Amino acid sequence: MKKFLVKPETKVKLSKYDPNDKGDFKGGKEEGLAKLEKLNGKLESLQELLYAEHKHKVLIVLQAMDAGGKDGTIRRVFDSVNPAGVRVAAFKAPTAEELDHDYLWRIHKQVPGKGEMVIFNRSHYEDVLVVRVHNYVQPEVWKQRFDQINEFERALAENGTTILKFYLHIDMDEQKERLQARLDDPTKRWKFRLGDLEERKLWPQYMEAFEDVLSKTSTEYAPWYVIPANRKWFRDLAISTILVDTLEGLKMNYPESEENLDGVMIE
Ligand code: AMP
Ligand code: MG
């Protein structure tokens, strides 16, 4: 899965990334789902340990085009974790109060505390994506934000936060199918907004904006991964693998008990 990591300072061209790629994984959907189930079990134990140790903070950022699979990823990758230690923060168009503050204000309020894992469904990156594409602010303003974001994330990392950022990479055909499916399925239609069609027309502008994000804000302390996401099972498998590897790398331990409790019997 290392293949999907964006090395710092590389110029990313998304047309070179195949949204159907499976990396080194040789199997098909069935094998992929079986492996995902095992990984979900591991993730469950690791998250329990994260919570018990109460030392590390874990932040996972998900960004994608509409229908890119952010919600589905959250449902499938985190389906066995303990809700006590995991939180999802979704960022919508800013409220009036949020707009009165700097764009990182609402973000900082949601970052994980010790022992916690927080998943960002959209994030501060919207402020260099949708905001840029729609000219909500002048270019001088959004251009400064890449450095600001890197500094913000550096501060989080230096204060004990492990940051992983995933761009879910689908192509326009896949988006077409998924948006159509949303329209056709009465249980999914609520997710569809007519505005999504306008956004779809801006696909090339969004790709350019994403390429800048990936090229300028993938760092040692807060790396981006471009996850091939046309196949949902592979997307989930890739993210789960990276997450489990990263958590294992933290070398976490259960806390010591207060005293030596060996031999203590409950009457
Ligand atoms: P959804 O994730 O489908 O519920 O949609 C959330 C909407 O909020 C998307 O259209 C985002 O582009 C929009 N959004 C999120 N953050 C911002 C932001 N900082 N500025 C403007 N729009 C935003
Ligand atoms: Mg939407």
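Predicted, not measured: the structure shown is a model, and the values here were computed from it.
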Are [X] and [Y] connected in the hydrophobic side-chain network, where two residues link if heavy atoms are under 4.5 Å apart?
{"X": "V86", "Y": "L39", "result": "yes"}
{"X": "Y221", "Y": "V58", "result": "no"}
{"X": "L168", "Y": "I170", "result": "no"}
{"X": "L129", "Y": "L99", "result": "no"}
{"X": "L179", "Y": "M172", "result": "no"}

If you measure only the distance, is there a donor-acceptor pair under 3.5 Å linking the side chains of [X] and [Y]?
{"X": "Q63", "Y": "R122", "value": "no"}
{"X": "Q148", "Y": "Y103", "value": "yes"}
{"X": "E199", "Y": "H134", "value": "yes"}
{"X": "T73", "Y": "R235", "value": "yes"}

Looking at [X] and [Y], what are the two nearest heavy atoms and their distance?
{"X": "D21", "Y": "P228", "answer": "O-CB, 3.5 Å"}
{"X": "A89", "Y": "V118", "answer": "CB-CG1, 4.4 Å"}
{"X": "V128", "Y": "I149", "answer": "CG2-CD1, 4.3 Å"}
{"X": "D18", "Y": "H169", "answer": "C-CD2, 4.4 Å"}
{"X": "L49", "Y": "N253", "answer": "CD1-C, 3.6 Å"}
{"X": "Y167", "Y": "M207", "answer": "OH-CE, 3.6 Å"}

[Y] ring center within less than 6.0 Å of [X] ring center:
{"X": "F152", "Y": "H108", "value": "yes"}
{"X": "W224", "Y": "Y125", "value": "yes"}
{"X": "Y225", "Y": "F4", "value": "no"}

Mind checking the [atom1]-[atom2] spacing from [X] to [Y]? Nearest 0.5 Å is all I need.
{"X": "F91", "Y": "E98", "atom1": "CZ", "atom2": "CD", "value": "8.0 Å"}
{"X": "L250", "Y": "D245", "atom1": "CG", "atom2": "CG", "value": "11.0 Å"}
{"X": "E258", "Y": "L261", "atom1": "CD", "atom2": "CG", "value": "8.0 Å"}
{"X": "R76", "Y": "D236", "atom1": "CZ", "atom2": "CG", "value": "5.5 Å"}
{"X": "L243", "Y": "L164", "atom1": "CG", "atom2": "CG", "value": "6.5 Å"}
{"X": "L156", "Y": "K57", "atom1": "CG", "atom2": "NZ", "value": "8.5 Å"}

Report task. Using the side-chain contact (heavy atoms from CB on, under 4.5 Å) rule, take N82 and E44 through it: C-alpha gap first, then chi angles, then the decisive distance, then the call. Result -> CA-CA 7 Å; N82 178 357; E44 184 184 359; over 6 Å; no

Short side-chain to backbone donor-acceptor contact, [X] and [Y], under 3.5 Å:
{"X": "S240", "Y": "L36", "value": "no"}
{"X": "S218", "Y": "L214", "value": "no"}
{"X": "K22", "Y": "G27", "value": "yes"}
{"X": "S215", "Y": "V12", "value": "yes"}
{"X": "R182", "Y": "E177", "value": "no"}
{"X": "H54", "Y": "L50", "value": "no"}
{"X": "T10", "Y": "V6", "value": "no"}
{"X": "T161", "Y": "I163", "value": "no"}
{"X": "D66", "Y": "F192", "value": "no"}

Report task. Given side-chain contact (heavy atoms from CB on, under 4.5 Å), test M117 with F78 step by step and report yes or no. Result -> CA-CA 11 Å; M117 190 183 281; F78 300 93; 3.9 Å; yes

Please check if atom [atom1] in [X] has more than 12 non-hydrogen atoms from other residues, nucleotides or ligands closer than 6.0 Å.
{"X": "D24", "atom1": "CG", "result": "no"}
{"X": "K109", "atom1": "NZ", "result": "yes"}
{"X": "E140", "atom1": "CD", "result": "yes"}

Query raised in the report: Which residue pairs pass the side chain to side chain donor-acceptor pair (under 3.5 Å) test with at least one member in residues 26-39, sequence neighbours excluded?
Result: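 Pairs touching residues 26-39 that pass the test: none.
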
Query raised in the report: Which of these passes side-chain hydrogen bond (donor to acceptor under 3.5 Å, both in side chains) with R178: Q180, Q175, E174?
Result: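 Exactly one option meets the side-chain hydrogen bond (donor to acceptor under 3.5 Å, both in side chains) with R178, and it is E174.
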
Query - Within 45° cone and under 6.0 Å: K188 NZ/CZ vs W190 ring - result: no

Query raised in the report: With a distance cut-off below 6.0 Å to the six-membered ring centre and an angular limit of 45° from the axis, does K216 pair with F146 as a cation-pi contact?
Result: yes

Query raised in the report: Under a 4.5 Å cut-off applied to non-hydrogen side-chain atoms, are H124 and R145 in contact?
Result: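 Result no, sub-4.5 Å side-chain heavy-atom pair not found.
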
Query raised in the report: With a 4.5 Å heavy-atom cut-off, do I60 and F166 have their side chains touching?
Result: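 The answer is yes, as the side chains (C-beta and beyond) meet within the 4.5 Å cut-off.
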
Side-chain ion pair, [X] and [Y], N-O less than 4.0 Å:
{"X": "K165", "Y": "E153", "answer": "yes"}
{"X": "R189", "Y": "D184", "answer": "no"}
{"X": "E116", "Y": "R87", "answer": "yes"}
{"X": "R132", "Y": "E208", "answer": "yes"}
{"X": "D196", "Y": "K191", "answer": "no"}

Query raised in the report: When you look at D100 and W105, which way does the side-chain contact (heavy atoms from CB on, under 4.5 Å) test go after all the steps?
Result: CA-CA 10 Å; D100 279 348; W105 181 71; over 6 Å; no

Report task. Could you check H56 against K114 for side-chain contact (heavy atoms from CB on, under 4.5 Å), going step by step and ending with a plain yes or no? Result -> CA-CA 5 Å; H56 297 279; K114 286 180 186 168; over 6 Å; no

